[in-house]
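Comments concern the structure below.
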Amino acid sequence: MDADPRWAARYTFLRELWEDRPRLFADPELIALARGGARQTGSLATLLDELLPRRRVGASVWLWGEGTLARAGPRCVDDLAATSADAPWEFAAVALTAVDPAARAPVLAALSAGSCSRGGGGDVL
């Protein structure tokens with residue numbers, strides 16, 4: 001019997017923080033799924049569609065990572081520090097272990113400042 005993936009539990013629990021808000025993800029599990037990884041069904045597919053829409057509608061979504069995405073909704077960005085500092089995100093989920101150690105300081109500084117349209121106060125996971 002397969003357990004639900006960790007990403008599903010994490011983002012279901014945090015739904016009120018990211019739902020209907022501009023969001024930034026640097027999460028290896030979501031990146032793999034956005035590139036067309038393991039196909040999700042049922043409630044997992046619905047959750048993934050809400051997190052990373054198939055087309056650009058509603059709140060903006062930025063996804064850090066190189067390569068082509070199987071979904072048109074998220075904007076794929078390769079400079080996490082610049083996007084963290086410049087994009088008007090209100091929720092950010094960043095797996096620092098996926099970030100090159102040399103690049104962590106600028107990413108942390110940008111996340112610490114919190115975006116919320118540059119006024120600060122964004123939620124960071």
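Scope of the values below: all heavy atoms of this structure, side chains included, with no hydrogens, waters or symmetry mates.
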So do P22 and W62 actually touch side chain to side chain, heavy atoms under 4.5 Å?
yes
Determine, stepwise, if the pair L63 / D27 fulfils side chain to side chain contact (heavy atoms under 4.5 Å, CB included).
CA-CA 8 Å; L63 184 66; D27 181 326; 5.9 Å; no
On a heavy-atom basis, the closest approach of P106 and A81 is CB-CB, 3.8 Å
All side-chain hydrogen bond (donor to acceptor under 3.5 Å, both in side chains) counterparts of R104, not counting sequence neighbours:
none
Check: R21 side chain, E90 main-chain N or O, donor-acceptor pair, under 3.5 Å:
yes
N/O donor-acceptor pairs under 3.5 Å from side chains in residues 93-103, not counting sequence neighbours:
residue : atom : partner : partner atom : Å
D100    : OD1  : A102    : N            : 3.3

Are any of the side-chain heavy atoms of L111 and W89 separated by less than 4.5 Å?
yes
Do any pairs count as a salt bridge (Lys or Arg N to Asp or Glu O under 4.0 Å) and have a residue in residues 40-50, sequence neighbours left out, and if so which ones?
R15-E50, D49-R54, D49-R71
Is L30 close to L48 at the side-chain level, that is, under 4.5 Å between some pair of heavy atoms?
yes
Which residues share a side chain to side chain contact (heavy atoms under 4.5 Å, CB included) with A82, sequence neighbours left out:
D79, D86
L51 backbone acceptor or donor facing W18 side chain under 3.5 Å:
no
Is Y11 close to F25 at the side-chain level, that is, under 4.5 Å between some pair of heavy atoms?
yes
Between the CD1 atom in I31 and the CH2 atom in W64, the distance rounded to the nearest 0.5 Å is 6.0 Å
